[in-house]
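Here is the structure we will look at, set down as structure tokens.
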Number of protein chains: 2
Amino acid sequence: MESDQVKPDPFNRNCGSRQVIDRIGDRWSVLVVLTLADGQKRYGELAQRIDGVSQKMLTQTLRGLERDGIVTRTVHASVPPRVDYELTDLGRSLLDLVSGLEAWATTHLTEVEAARTRYDGRSER
Amino acid sequence: MESDQVKPDPFNRNCGSRQVIDRIGDRWSVLVVLTLADGQKRYGELAQRIDGVSQKMLTQTLRGLERDGIVTRTVHASVPPRVDYELTDLGRSLLDLVSGLEAWATTHLTEVEAARTRYDGRSER
DNA sequence: CCGCATCCGCAAGGATACTG
DNA sequence: CAGTATCCTTGCGGATGCGG
């Protein structure tokens with residue numbers, strides 16, 4: 001049993017670490033984790049802050065993150081209903097890396113945009 | 001001119017840093033960068049190492065990474081044709097973060113799988 | 001009224017065949 | 001060998017409906 005538990009090669013899609021990479025390499029997951037950086041948030045807040053996410057994908061992403069033990073989902077049985085999402089300890093350890101990505105994006109934004117302009121100009125010439 | 005150049009809020013999809021996050025938060029991009037960690041590779045090598053990637057997505061991902069200045073594409077005009085891909089300096093700076101993700105995945109694999117089992121068992125009960 | 005499950009139209013992605 | 005072109009399938013986004 002556990003026969004799909006191969007060696008930790010992230011390039012083998014049957015390997016667990018590849019599964020994990022697939023999740024955290026998901027655009028919405030990254031953005032959700034980033035949004036939860038400064039404490040717990042309601043579903044609606046997440047939907048509002050993360051521009052362009054559909055309800056379906058947000059729910060789906062949150063379920064996946066919850067399943068992986070990265071966020072907790074707390075339902076308050078009240079009127080109006082309220083559902084809070086918060087990073088777990090595991091989630092916060094991931095946040096360190098993910099906010100590194102955010103920082104990288106901000107830092108190297110100019111370089112990337114310069115490269116894009118260069119690349120795009122090439123084909124038109 | 002440059003009217004979509006808003007403040008560096010990665011949650012605003014019109015913002016440059018969000019665009020960058022969207023690319024590096026892409027599963028195939030992550031895997032390609034990881035594969036190129038130990039030097040330049042040919043197209044076929046990439047296709048072979050990255051399990052489950054289709055030609056279309058590999059080509060598309062490589063084009064995107066090339067456009068963003070993360071990889072270089074070198075065509076050798078020979079028979080048989082040969083195309084090498086290699087990380088740029090920019091790409092290597094990104095690799096540091098991405099290999100951090102890989103390490104995280106490996107380290108916390110057990111926790112994630114435990115969480116999944118717990119979560120899955122919950123709904124069946 | 002908020003969170004989320006469902007249905008449908010469409011675009012992104014996978015598999016295959018073919019070209020330089 | 002490295003791609004492009006062509007299907008066809010999958011899965012997303014948007015709207016709707018409903019339960020708590």
Side-chain angles (χ1 to χ4, degrees), chain A residues 11-14 18-19 21-32 35-36 40-68 71-86 119 122-123, chain B residues 11-14 18-19 21-32 35-36 39-68 71-87 119-120 122-124:
Chain A
F11 303 110
N12 180 354
R13 64 174 149 183
N14 292 325
R18 164 67 179 270
Q19 315 269 9
I21 292 228
D22 281 348
R23 176 162 313 285
I24 63 186
D26 169 62
R27 52 190 300 226
W28 298 127
S29 297
V30 171
L31 290 169
V32 165
T35 311
L36 291 176
Q40 74 176 22
K41 295 257 180 315
R42 302 185 53 170
Y43 178 91
E45 293 182 79
L46 292 171
Q48 198 176 356
R49 289 243 18 217
I50 305 175
D51 192 27
V53 71
S54 64
Q55 303 180 65
K56 190 203 244 173
M57 284 315 294
L58 181 55
T59 302
Q60 192 171 306
T61 303
L62 286 168
R63 288 285 187 281
L65 292 173
E66 185 194 3
R67 187 171 107 98
D68 286 0
V71 304
T72 56
R73 177 171 181 272
T74 314
V75 182
H76 303 274
S78 61
V79 176
R82 177 193 180 97
V83 181
D84 285 321
Y85 292 92
E86 188 174 17
Y119 184 92
R122 193 173 303 171
S123 41
Chain B
F11 303 109
N12 179 354
R13 64 173 150 183
N14 293 325
R18 165 67 178 270
Q19 314 269 12
I21 292 226
D22 280 349
R23 177 162 313 284
I24 64 186
D26 168 62
R27 54 191 297 229
W28 298 128
S29 297
V30 171
L31 290 169
V32 165
T35 311
L36 292 175
Q40 72 177 24
K41 295 255 179 316
R42 303 181 54 166
Y43 179 90
E45 293 182 79
L46 292 171
Q48 198 176 356
R49 290 247 12 224
I50 304 175
D51 191 28
V53 70
S54 63
Q55 304 178 58
K56 190 201 240 174
M57 284 316 294
L58 181 56
T59 303
Q60 192 171 305
T61 303
L62 286 169
R63 289 285 187 280
L65 292 173
E66 185 194 2
R67 187 170 108 98
D68 286 359
V71 304
T72 56
R73 178 171 181 271
T74 313
V75 182
H76 303 273
S78 61
V79 177
R82 178 194 179 97
V83 181
D84 285 320
Y85 292 92
E86 188 174 16
L87 289 178
Y119 184 92
D120 293 344
R122 193 173 303 171
S123 41
E124 291 164 13

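In what follows, chains carry the letters A, B, and so on, assigned in the order in which the sequence lines appear, proteins first and then strands, with residues in each chain numbered from 1.
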Length of the line joining B/Trp28:CH2 and C/dG14:P, which is rounded to integer Å: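 My rounded result for the distance is 6 Å.
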Side-chain heavy atoms of B/Arg42 within contact of B/Glu45, under 4.5 Å: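 B/Arg42 vs B/Glu45: side chains touch.
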Side chain proximity check, A/Ile24 to A/Val30, heavy atoms < 4.5 angstrom: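 Sidechains of A/Val30 and A/Ile24: no contact.
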B/Asp68/B/Arg23 salt bridge by N-O under 4.0 Å criterion: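 Judged by the 4.0 Å cut-off on N to carboxylate O distance, B/Arg23 and B/Asp68 do form a salt bridge.
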Atom pair CD (A/Gln40) and OG1 (A/Thr72), whose distance is rounded to the nearest 0.5 Å: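 Spacing of CD (A/Gln40) from OG1 (A/Thr72) equals 7.5 Å.
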Within 6.0 angstrom of B/Gln48 CD, more than 12 heavy atoms from elsewhere: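 No, not enclosed.
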Side-chain donor or acceptor of A/Ser78 paired with backbone N/O of A/Pro81 under 3.5 Å: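 No.
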Option among A/Leu46, A/Thr35, A/Asp51, A/Val53 that satisfies the side chain to side chain contact (heavy atoms under 4.5 Å, CB included) test with B/Phe11: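 For B/Phe11, the side chain to side chain contact (heavy atoms under 4.5 Å, CB included) check succeeds only for A/Thr35.
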Angle between terminal axes - the helix from C/dC1-D/dG20 to C/dG20-D/dC1, 5 pairs each end, rounded to 10°: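 Computed from the C1' atoms at both ends, the axes differ by 40°.
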Which protein N or O atoms sit under 3.5 Å from an N or O of nucleotides 3-6 of chain C?
unit_1: C/dG3; atom_1: OP2; unit_2: A/Gly44; atom_2: N; d: 3.2
unit_1: C/dC4; atom_1: OP1; unit_2: A/Arg73; atom_2: NE; d: 2.8
unit_1: C/dC4; atom_1: OP1; unit_2: A/Arg73; atom_2: NH2; d: 2.0
unit_1: C/dC4; atom_1: OP1; unit_2: A/Tyr85; atom_2: OH; d: 3.4
unit_1: C/dC4; atom_1: OP2; unit_2: A/Tyr85; atom_2: OH; d: 3.0
unit_1: C/dC4; atom_1: N4; unit_2: A/Gln55; atom_2: OE1; d: 2.8
unit_1: C/dA5; atom_1: OP1; unit_2: A/Arg63; atom_2: NH2; d: 3.1

Any residue meeting side chain to side chain donor-acceptor pair (under 3.5 Å) with A/Arg82, in chain and number order, not counting sequence neighbours: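 For A/Arg82 the side chain to side chain donor-acceptor pair (under 3.5 Å) partners, ignoring immediate neighbours, are A/Asp84.
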Residues that B/Arg49 engages under side chain to side chain donor-acceptor pair (under 3.5 Å), provided they are two or more places apart: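 If we apply the side chain to side chain donor-acceptor pair (under 3.5 Å) test to B/Arg49, skipping adjacent residues, there are no hits.
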Residue pairs passing the side chain to side chain donor-acceptor pair (under 3.5 Å) test where at least one lies in residues 55-66 of chain A, sequence neighbours excluded: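 Pairs touching residues 55-66 of chain A that pass the test: A/Tyr43-A/Thr59.
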Span of DNA chain D in contact with chain A (heavy atoms, under 4.0 Å):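 Extent of the interface on DNA chain D: D/dC12 to D/dG20.
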